[in-house]
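The figures that follow rest on heavy atoms only: side chains count, while hydrogens, waters and symmetry mates do not.
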Amino acid sequence: MKRISIDPITRLEGHGKIEIFLNDDGSVENAFLQIPELRGFEKFCEGRLAEEMPRITPSICGVCPEAHHLAATKALDAVFHVDPPGPAKKLRELFYAAQFVHSHIAHFYALAAADFVVGPDAEPSVRNILGVVQKVGVEKGAEVIKHRSYAQKIQAMIGGTATRPVCGLPGGMSKALKEEERAEIEQMATSTVEFAKFTQKLFADVVLANQEYVDLILSDIYADKTYYMGLVDENNKVNFYDGKIRVVGPDGKEFVKFEAKDYLDHVSEHVEKWTYLKFPFLKNVGWKGFVDGPESGIYRVAPLARLNAAEGMATPLAQAEYEKFYSTLGGKPVHATLAQHWARVIEMLYAAELMLQLAKDPEITDPNVRALPTETPTEGVGVVEAPRGTLYHHYQTDEDGVITSANLIVGTTNNHAGICMSVKKAAQGLIKKGQLNDKLLNMVEMAFRAYDPCFGCATHSLPGQMPLEVNIYDSNGELQACLKR
Amino acid sequence: MTKEFEPRIVGILCNWCSYAGADLAGISRIKYPPNVRIVRVMCSGRVDPSFVLKAFAEGADGVLVSGCHPVDCHYIEGNYKMWARKVMLETMLQQLGIEPERFRLTWVSANEGELFKQYVTEMVDAVKKLGPFQKPVNWMTELLEHERSLGTAVQEIAAGGGVGE
Amino acid sequence: MSDKKLKLGLYWAAGCGGCDVAVLDIDEKILDVAEVADIHFWPIAMDFKYKDVAAMDDGFLDVCFLNGAIRNSENKEVAELLRAKSKVLVALGTCACYGGVIGLANFCTREEILETAFKKTVSTDNPEGIIPQPVSEVDGCELHIPEVYEAVYKLDDFVNVDYYLPGCPPRAELIAKAIDAIVAGQLPEPGSVLLPAKTVCDECKREKKDRHVDEFKRPWELIPDEEKCLLDQGLVCMGPATRAGCGAACTNVNMPCRGCYGPAEGVIDQGAKAMSAVAVTAVSTNLAEMEKVISQVKDPAGTFYMYGLPNSLLRGRQMKEAK
Ligand code: SF4
Ligand code: SF4
Ligand code: SF4
Ligand code: FES
């Protein structure tokens, strides 16, 4: 069949595929985001030793392995009924703030910035990181590389290596931080805060100062009125590492706030036969299909959702940006999918500030980073905010600490339904009478890219392009256009 | 299952005792099932677990390792080492879907021809009951099938066909 | 040859992306690479189509780095295509070389994996028992997703691999070094691993002394001495069976090695080798006692084959008749 030869790339693991179907008069009938990936971690983790989970699960994703590492480690704290000492928690947070810096820098500069800094309708050949570097200058480009590699370095110092950290154990961390290491981290963190400030300014100058972009962000085709989910601390401020899970409704009011261990009372996953990725939804609202609004259990996660689900940021500079964010975009909650980018930049600043704050914390070099478990292992849930959204690891073990069942809901999965809706809506708003061109397709793709989805997850490294394909079919099922990233 | 099935057992025997024991069984015309193909090693401690895995991978239905009785090892603790490996190997084999009856470690001295016969007979009987060692779901067959079903796709890709923009 | 730039290709099959991140982690060095080589094919970084690759002459690419294991027909087709187009094919990363962590899937059947993922997991709400299908129809639209293979395979199960560069992921410096060697035309015998023939133990700074233990401990059960060999302290460590390259990254932070750089030189089956090395540390003349100690090691197969089940002699769990 012809079809097979036109989309070979789509059958690759780790790729996303968007299929858009037009009806007789050339407008969008349906759009699907399909995930061709299936690895089976939930099954093959059964029988493994619980403490190996923080080493096994990072292989789910080479871009945010630290998120899996920590979610698994926190699940183990619960499985083994052990509370890590304060310094261990701080060390984990420091490690994790560095991961956010790395991830958000990579996403913003390599993927997102091109749309705004260079422009959504620029030639594809310059709509990439190189185009961005040209716009901001080579020196600033070097800064981008430098600060990303700082973040990688900090993770390696604490975790062993950046991509495969091994430091997390039930009850703490495998190694304490030495004073020399701390001093070096403090230096790098200081510089990173400056860099994050520069990034805010860049965003303000390039995006916010341009009314056209602001209109684009606020345009109806990029808005979906869903629920939002994110971790918050005791003051309802955004937290990546720990806290309660707070969900706000499309009206911005708190819908529920729950502890990680109770997630099954609130989250369920729906299955469709055309994709290997499931669709999480709020159990107490229900799955109503791909629609938004308060009646539909679809919720979203990741930067915008985290800001919406919280009441502020825990560090001063980020808090100021947070306030500006909502005053500029017309109050809470912000439904504009494209505002994800701004939210991400604010989070980058928060992560940098947090890194510095922790690097200066006298407790951070305290050698007391392990508490040995004494109780029989049973069951536990660990939740962190991955850069791409709330990440759940849930394990059950036998009395020897061997996994008997595992359940994982990863960041991007939480957004699966939201992405499908956003893409369909954008496509419907943009594609009229079967008219297609590269600019329109890129604008459809922007809806998708805003989520920084990660399917595999080689999506977003420098110089970074999404391994994504968009196919458009006419009413006879014939392929009209095919766009690859 | 079938009366005809004659298992192939690989016997890895220590030169100083079990091999001599098997030899004795032979010389003494002690009848034992002819299913064992014997490999002689200098000491059971020389038996790397990968020898056992290799035997299975190449189609053995069972593997019998035999060495000197404890204390009698010519290299002092070779047989203890093998025992240590055996304990872990048993679990590993079971995890890899191999029935416990298919692997055994025994102690047979040079004058225990009868005992050797007994172990071999027990093992052959046990493995006969189990039937032939199942090769993995035929991995390569699966691939060939896929290739056939997707053959056109391969050709089309290779031919650069397609209507993508 | 000297005036011509080297033609490079990079591609990933069933991997996690970590190997691509490792390539990018060579940071500024990538500019040096750009000096001497043209990258003709790298999906994460460039727009490409199969037909562009298909249109290349056979052997057009001087070197192609392929990471990730083979999990479905697509992975295999592209591997075959790239093999034909490349003079030298390098398996990059442990997934491509030995199957990697996802190779643990070879403990289960495809059906078990699908059942668990879509029916049994506790948060799944699937009253109709839907399992995703390779071809399906929704509102008159026909949709396709790939069918996964029954097992995970390593690259050389299908194509001839010239060089292996294992590691999960290989350290960026090692990748840079390999590229240097290629550029300088200083490649070893085809079939070699582009890493030293040493073991992790050789690189590990810990003091190895007392290879005897009375008790095996799980990593969460003890705070190890920072100077002494972890295996000597009763922690299962795969250093003795594993190829060097990482600089003993894990033992540096007090965690035992799990073998991610694959089998050491001359080792046929990494898991068997590591298992043997670990088991004999518990040797004792009291057999009952020894059995007790050794049975403290739970899940030996999952531990010793964590990164290389598809590369093991048995390749995975032996299944009864399929179906
Ligand atoms: S070898 Fe490791 S880093 Fe590389 S693709 Fe495989 S799992 Fe990812
Ligand atoms: S066994 Fe492990 S801890 Fe001991 S020397 Fe080898 S690598 Fe280091
Ligand atoms: S110590 Fe072992 S597991 Fe850790 S990075 Fe090195 S080879 Fe891999
Ligand atoms: S990037 Fe985290 S889900 Fe993959």
Side-chain angles (χ1 to χ4, degrees), chain B residues 45 47-58 70-71 76-99 102 133-143 145-147 149-151 153-165, chain C residues 49-55 70 72-74 76-78 80-81 84 106-107 109 147 149-151 153 157-158 267-269 271-273 275-276 278-285 287 290-291 293-295 297-302 304-305 309 312-323:
Chain B
V47 181
D48 191 286
S50 60
F51 297 179
V52 178
L53 298 176
K54 178 104 174 152
F56 284 118
E58 311 231 313
V71 193
I76 302 164
E77 58 170 21
N79 50 1
Y80 291 104
K81 282 191 179 154
M82 188 55 209
W83 195 270
R85 295 181 191 122
K86 171 213 113 131
V87 178
M88 220 180 265
L89 185 59
E90 279 173 347
T91 317
M92 210 151 113
L93 289 175
Q94 178 247 322
Q95 288 185 286
L96 289 166
I98 295 176
E99 298 90 342
R102 295 190 191 274
F133 173 59
Q134 289 261 247
K135 287 298 249 215
V137 230
N138 209 334
W139 316 75
M140 290 303 156
T141 313
E142 169 189 77
L143 297 174
E145 261 169 41
H146 272 274
E147 195 165 338
S149 67
L150 292 158
V154 182
Q155 282 152 21
E156 281 188 36
I157 293 166
V163 297
E165 288 288 301
Chain C
K49 291 168 196 74
Y50 282 163
K51 62 179 182 193
D52 301 339
V53 180
I70 307 289
N72 63 28
S73 52
E74 180 74 22
K76 171 174 155 277
E77 286 159 20
V78 181
E80 286 169 348
L81 186 61
N106 288 3
F107 279 122
T109 63
E147 190 170 355
Y149 277 163
E150 183 69 47
Y153 302 88
D157 283 338
F158 300 103
V267 169
I268 321 169
D269 187 295
K273 185 79 190 173
M275 184 267 260
S276 174
V278 169
V280 299
T281 60
V283 161
S284 124
T285 49
L287 292 188
M290 181 162 95
E291 289 198 19
V293 173
I294 291 179
S295 51
V297 178
K298 308 285 176 207
D299 187 29
F304 295 123
Y305 289 126
L309 190 54
S312 67
L313 282 162
L314 290 173
R315 297 167 148 264
R317 195 176 100 213
Q318 313 300 295
M319 320 281 178
K320 300 288 166 190
E321 281 303 313
K323 310 268 144 63

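Interface residue B:I98: only side-chain heavy atoms are found under 4.5 Å from chain C. Contact annotation for C:T285: both backbone and side-chain heavy atoms come within less than 4.5 Å of a heavy atom of chain B. The part of C:L309 that comes within reach of chain B is its side chain, from C-beta onward, which places non-hydrogen atoms under 4.5 angstrom from that chain.
In terms of the salt bridge (charged side-chain N to carboxylate O under 4.0 Å, His left out) criterion, residue partners of C:D299 (sequence neighbours excluded) are, by chain and number, A:R48. Residues passing the salt bridge (charged side-chain N to carboxylate O under 4.0 Å, His left out) test with B:E90, sequence neighbours excluded: B:K86.
Comparing C:M275, C:E291, C:M290 by how many heavy-atom pairs each has under 4.5 Å with chain B, the most go to C:M275.
Taking the six-membered ring for Trp and thresholds of 30 and 60 degrees, C:Y153 and C:F158 have ring planes more than 60 degrees apart, a perpendicular arrangement.
Judged purely by distance below 3.5 Å, without hydrogens or angles, the side chains of C:D269 and C:Y305 pair a donor atom with an acceptor atom.
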